Amino acid sequence: MSEDDNNMEDYPTEIHDYLAAFEKSLGSVDEMLKTMMSVSRSELLQKLDPLEQAKLDLVSVYTLNSMFWVYLATQGINPKEHPVKQELERIRTYMNKVKEITDKKKASKLDKGAASRFVKNALWEPNAENEHTSKTPAKGKKRQ
């Protein structure tokens, strides 16, 4: 019997797809960590603006706490009853604040001067010539 056959006997076949997806996700996390660890933290932070630094810190701490959540679950401890749940919620609130700041930066700004010129030029202004010789009849009045 090969090693793969032994592994197949260790867990139910119904969860094989879930375990394969989990293994693939772990591989992705491992690659990302290797990439992040290849550059020193101080060197990385020098290249980022303060908002990007905050994003990096939040993602890092959220990832660590999420991994701890998974560890607790594998040890038979209910993570929902552990202080890690409150920590994850706290981190999420800060992530939402950073997202709001990012969205505000991306939002288009109103140029009041351009808007007022646009509205002024779009409105019809009667002058002495136009009052007497209008090409379109006024509503409700018949042409003579």
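Here the structure is a predicted model, which is why all the values come from computation and not from measurement.
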Test side chain to side chain contact (heavy atoms under 4.5 Å, CB included) applied to Leu44 - qualifying residues, sequence neighbours left out: Val39, Leu48, Leu56

Nearest-0.5 Å distance, NZ of residue Lys80 to CG of residue Leu88: 12.5 Å

Nearest heavy-atom neighbours spanning Thr35 and Ser38: O-OG, 2.6 Å

Separation between CD1 of Ile91 and CD of Glu89, rounded to the nearest 0.5 Å: 10.5 Å

With Gln86 via side chain to side chain contact (heavy atoms under 4.5 Å, CB included) - residues at least two apart: Pro83

Non-neighbouring partners of Phe68 that pass ring pair (Phe, Tyr, Trp, His ring centres under 6.0 Å), sequence neighbours left out: His82

From NZ (Lys97) to CD (Glu100), nearest 0.5 Å: 8.5 Å

Shared hydrophobic cluster for Leu64 and Leu58 (ILVMFWY, side-chain gaps under 4.5 Å): no

Within residues 62-76 or reaching into it, pairs that qualify as side-chain hydrogen bond (donor to acceptor under 3.5 Å, both in side chains) - sequence neighbours excluded: Tyr62-Arg92

Got a list of side-chain donor-acceptor pairs under 3.5 Å for residues 21-33, not counting sequence neighbours?
unit_1, atom_1, unit_2, atom_2, d
Ser25, OG, Ala21, O, 3.1
Ser28, OG, Lys24, O, 3.3
Asp30, OD2, Lys34, NZ, 3.4

With sequence neighbours excluded, residues passing side-chain hydrogen bond (donor to acceptor under 3.5 Å, both in side chains) with Tyr94: none

Val59 reachable from Val84 in the ILVMFWY side-chain graph, under 4.5 Å edges: yes

Atom pair CD (Gln53) and CD (Gln46), whose distance is rounded to the nearest 0.5 Å: 9.5 Å

Contact check, side chains of Asp49 and Glu52, non-hydrogen atoms, under 4.5 Å: yes

From Leu72 atom CG to Glu81 atom CD, the distance as rounded to the nearest 0.5 Å: 11.5 Å

